[in-house]
Asks: 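Sending over a structure as structure tokens; questions will come in a sec.
Since the structure is predicted, the reported quantities are computational estimates derived from the model, not experimental observations. Any value given below was found using the heavy atoms of this structure, including those in side chains, with hydrogens, waters and symmetry copies removed. Chain naming here is simple, since letters A, B, ... match the order of the sequence lines and numbering starts at 1 in each.
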4 protein chains.
Amino acid sequence: MQPSEIQAYADAEPQSRKAGRPRSEDSHRAILDATRRLLTHMPVSKISVEAIAKKAGVGKTTIYRWWPNKQAVVMDAVFSQPAFHNILPASANAFEGIQAQLEKLFRQLAGKNGRMVSEIIGDAQGDPEALKSLIEIFFQQRYDALARYINEGKESAEFAKETDVEVAIDLIMAPVFFRLMTGQDFDQTFESQIPAMIRKALAA
Amino acid sequence: MQPSEIQAYADAEPQSRKAGRPRSEDSHRAILDATRRLLTHMPVSKISVEAIAKKAGVGKTTIYRWWPNKQAVVMDAVFSQPAFHNILPASANAFEGIQAQLEKLFRQLAGKNGRMVSEIIGDAQGDPEALKSLIEIFFQQRYDALARYINEGKESAEFAKETDVEVAIDLIMAPVFFRLMTGQDFDQTFESQIPAMIRKALAA
Amino acid sequence: MQPSEIQAYADAEPQSRKAGRPRSEDSHRAILDATRRLLTHMPVSKISVEAIAKKAGVGKTTIYRWWPNKQAVVMDAVFSQPAFHNILPASANAFEGIQAQLEKLFRQLAGKNGRMVSEIIGDAQGDPEALKSLIEIFFQQRYDALARYINEGKESAEFAKETDVEVAIDLIMAPVFFRLMTGQDFDQTFESQIPAMIRKALAA
Amino acid sequence: MQPSEIQAYADAEPQSRKAGRPRSEDSHRAILDATRRLLTHMPVSKISVEAIAKKAGVGKTTIYRWWPNKQAVVMDAVFSQPAFHNILPASANAFEGIQAQLEKLFRQLAGKNGRMVSEIIGDAQGDPEALKSLIEIFFQQRYDALARYINEGKESAEFAKETDVEVAIDLIMAPVFFRLMTGQDFDQTFESQIPAMIRKALAA
DNA sequence: AGGTAACCGAGACGGTACGTCACGTCTTTAC
DNA sequence: GTAAAGACGTGACGTACCGTCTCGGTTACCT
């Protein structure tokens, strides 16, 4: 599933148009663009729906018509960017796949994007609904990719048979986000040692 | 540094009392108690300083006199609880120490306390000041304990020599908080496999 | 002029029909009916064009195509009711005519209808356009009837010669609407004393 | 009762001040001033609480703290003006008193003030609460003055004994407000004939 | 019989204002 | 000199309607 698919919008079936004025593609785009532009200047917490509406030249109602709240707009704005698509290269073995996923994350979460994501995750704490949709939009595809590699590795005896897939996923993903949320940047040491440690941790 | 030290309050020296009405020890306690009681019923984001003041029977000014904002009160209320002290048992070797730290975390972060902590961490994203003080109050002592064990393990050749201490700390701590922040509870599998994986990851 | 004439609709000349779909008589009726039904449950100020459209099963556009705004719809809905036609019985002398007009008003403005009218008049304050059309639709015919009686009375020496017609009209109509707009209901005393007082006021 | 007395504010007893920051006399005045200034440029319906707050340099909350809604602010702003105090000169007989009251009204309601009052009365239709307080603030003192004159006139046989006081009050006040609310200005004819007609209407 | 113009419902759009809430500050009286 | 009480300016919230607009579709006249 790609980020953009969270929009019911994208699901519209071309042959059976509903009555009424169709949703404005321009406004939709303007809202997400404005949100992204605001996000580069200020933290999520400083952004208001009002500011987005004003910057996008759009009525506040139009935003609330399509997203339940600010968090949802921000998630959509951030994760619908092509840079956040999770297309991974083919990999020779299970560990290589995991490593590819990690490197993808390192690149996706470096710099401002990382800060945005950590704020989005932070915002979703204390709101189960937001957390659920965050997982659907962002985490699930990464979970799925990793689950495939881990199962592959278990079958090929590259990884230990008793490894629990979900626990392994946590072990792999966690350090990346923990760094982010404790305010540390990625560095060369981190990016090289974490995959190595994970390889050892999972090894048969 | 112990949690209670974040309170400027605690620094008052008893011998040099100024003239006038003394600070109210009662109010101080009432504020933290009220905050804790509110936290069991609702997420951090739904709590207001006004609500704390009302529940504590205290003026809002009194809160702002001693804490800079809501986040600080909440951190103080949560982390000053005895259950959050990080006193670890003596351990025979490095890995046992790490395991003790992990088990301490599992116990401290199970149930409502875990949810509170994840919300506090979430709230601190997007506010570098808050994040900094969160690390000082909560994370630093755990980092320090782990750093000791890791260095110990490196010296005794229990762990690989090339292991970077900071990376290792991230690897150890991260899965616990990642589970928390993605809305998953700890379970038996997680609590047993994570330490095992970490042992393998760090092994010489 | 009859109330229904406020409708541009009524002005359509049958011989010069334009091409295209004709106005839907059903929609027209449904809009006025829905408005009247809403008016019995809530004050004019609480009614929205959207609510009328929904209740009438009609698009908002259809309402705006035929009436410039909510006030106009409401006026039309209220004053196009047969109960608001101002057909007066023949009268032996001028005062009897005035009395007939007053009694007609007492009956037309008792109960809910009175409340609706007072709200319509209230709404028209601060909007000269609305006030003008209110006078055309509702007041003018009553003014005209009274003017006839007053002139008749002046000619027959029933009324004082120096009486200004417009002032006399105000004197006659005003108490009825003043009661309405100060929230007092009509009662027996009012309905009997007002005509008597007016007779004395106008007497030669 | 004077208009300004509608303010609970004015009722404060000087000797027993409540705890807490006292109401800001400056803000209070600024709000009413701003409202009056806005009223000279636009109808009541075009004024928003937001505009008043902005013009007064005051938070919207401060307005809502002391007045329940825009109508109440406007009433207070208009009727607390000295020009609306209803102090009448001593009068030799009952009719002279009534005439004095009428002339006071002619002067108070000429020009912009009249338009404001008609809008206020209009706005109060459809909101019984507003209507009630409008009567208390504005109409009641005029009712009371007239009631005194009418009773005086009945006792001195200047007026007919069977005259109902409330009906007489309506007869006297109504034409003034009816003119206002039907968009007609006062003129010389009106101002001279109405008192004369009322004298005849009430005469013994 | 077909074209076409005006109508219709549905409903999205850019706006304005609402009344509420919480923030963090300020200004009193009471102790 | 600190406390409580509580008013203050600020600014965002999410909602309700406004009056306009754009769709797909309908209807009845006028060739």
Asks: Given atom CD of Gln71(A) and atom P of dA12(F), what is their separation to the nearest angstrom?
Replies: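 The distance from CD of Gln71(A) to P of dA12(F) comes to 17 Å, rounded to the nearest Å.
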
Asks: Output all residues satisfying side chain to side chain donor-acceptor pair (under 3.5 Å) with Asp33(B), sequence neighbours left out; order by chain, then residue number.
Replies: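 Checked Asp33(B) against side chain to side chain donor-acceptor pair (under 3.5 Å); matches are Arg36(B).
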
Asks: Return the angle between end axes of the helix from dA1(E)-dT31(F) to dC31(E)-dG1(F), with five pairs used per end and rounding to 10°.
Replies: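 For the helix from dA1(E)-dT31(F) to dC31(E)-dG1(F), the axes at opposite ends meet at about 10°.
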
Asks: Is the distance from OP1 or OP2 of dG9(F) to the nearest side-chain N or O of Ser27(D) less than 4.0 Å?
Replies: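 True: Ser27(D) side-chain N/O within range (under 4.0 Å) of dG9(F) OP1/OP2.
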
Asks: Between Arg65(B) and dT2(F), is there a contact of a side-chain N or O with OP1 or OP2 at under 4.0 Å?
Replies: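 So the side chain of Arg65(B) is outside the cut-off, no N or O lying under 4.0 Å from OP1 or OP2 of dT2(F).
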
Asks: My understanding is that only residues two or more places apart in sequence, or in another chain, count here; which of them pass side chain to side chain donor-acceptor pair (under 3.5 Å) with Ser118(A)?
Replies: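 In terms of side chain to side chain donor-acceptor pair (under 3.5 Å), with neighbours along the sequence ignored, Ser118(A) is linked to Gln125(B).
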
Asks: Only distances under 3.5 Å count here; give the side-chain donor-acceptor pairs of residues 40-47 of chain D to other protein atoms, sequence neighbours excluded, each with its distance to 0.1 Å.
Replies:
residue: Thr40(D); atom: OG1; partner: Arg37(D); partner atom: O; Å: 2.7

Asks: Taking the nucleotide of DNA chain E with the closest heavy atom to each, which residue, Lys70(B) or Asn69(D), is nearer the 5' end?
Replies: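 Whichever sits nearer the 5' end wins; that is Asn69(D).
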
Asks: I want to verify a distance call: between dG19(E), dT27(E), dA3(F), whose nearest atom is closest to the Tyr64(D) side chain?
Replies: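 Nearest to the side-chain atoms of Tyr64(D), counting from C-beta on, is dG19(E).
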
Asks: Nearest whole angstrom, please: distance from the C1' of dC13(E) to the CH2 of Trp67(A).
Replies: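 It works out to 14 Å between those atoms.
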
Asks: Whole angstrom is fine here: how far is it from CH2 in Trp66(C) over to C1' in dC8(E)?
Replies: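 That distance rounds to 11 Å.
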
Asks: Send over the distance from Met42(B) CE to dA22(E) P, rounded to a whole Å.
Replies: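 Going from CE in Met42(B) over to P in dA22(E) covers 10 Å.
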
Asks: Which of residues 46-53 of chain C sit near DNA chain F, with a heavy atom under 4.0 Å from it?
Replies: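 Hits under 4.0 Å, by residue number: Ser48(C), Val49(C), Glu50(C).
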
Asks: Could you state the atom-to-atom distance from CD of Glu25(A) to P of dC23(F) in whole Å?
Replies: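 Answer to the nearest Å: 13 Å.
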
Asks: For residues 48-58 of chain B, which residue pairs pass the salt bridge (charged side-chain N to carboxylate O under 4.0 Å, His left out) check, not counting sequence neighbours?
Replies: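 Checked against salt bridge (charged side-chain N to carboxylate O under 4.0 Å, His left out) - neighbours excluded - the pairs reaching residues 48-58 of chain B are Glu50(B)-Lys60(B).
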
Asks: Is the backbone of Asp76(C) close enough, under 3.5 Å, to the side chain of Ser80(C) for a donor and an acceptor to pair up by distance?
Replies: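 Judged by distance alone, yes, a pair lies under 3.5 Å.
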
Asks: How close do Ile31(A) and Ile52(A) get, heavy atom to heavy atom, and via which atoms?
Replies: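 Here Ile31(A) and Ile52(A) meet closest at O-CG2, 3.9 Å.
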
Asks: Could you work out, with side chain to side chain donor-acceptor pair (under 3.5 Å) as the rule, every residue matching Asp26(A), not counting sequence neighbours?
Replies: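 Once residues adjacent in sequence are excluded, the partners of Asp26(A) under the side chain to side chain donor-acceptor pair (under 3.5 Å) criterion are Arg29(A).
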
Asks: Can you list, in residue-number order, the parts of residues 54-62 of chain A that come under 4.0 Å of DNA chain F, counting heavy atoms only?
Replies: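 Listed by number, they are Lys60(A), Thr61(A).
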
Asks: Counting side-chain heavy atoms from CB outward, which of dA12(E), dC23(F), dC26(E) is closest to Arg23(A)?
Replies: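 Minimum distance to the Arg23(A) side chain belongs to dA12(E).
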
Asks: The criterion is side chain to side chain donor-acceptor pair (under 3.5 Å); which residues satisfy it with Ser27(B), sequence neighbours excluded?
Replies: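 Once residues adjacent in sequence are excluded, the partners of Ser27(B) under the side chain to side chain donor-acceptor pair (under 3.5 Å) criterion are Ser24(B).
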
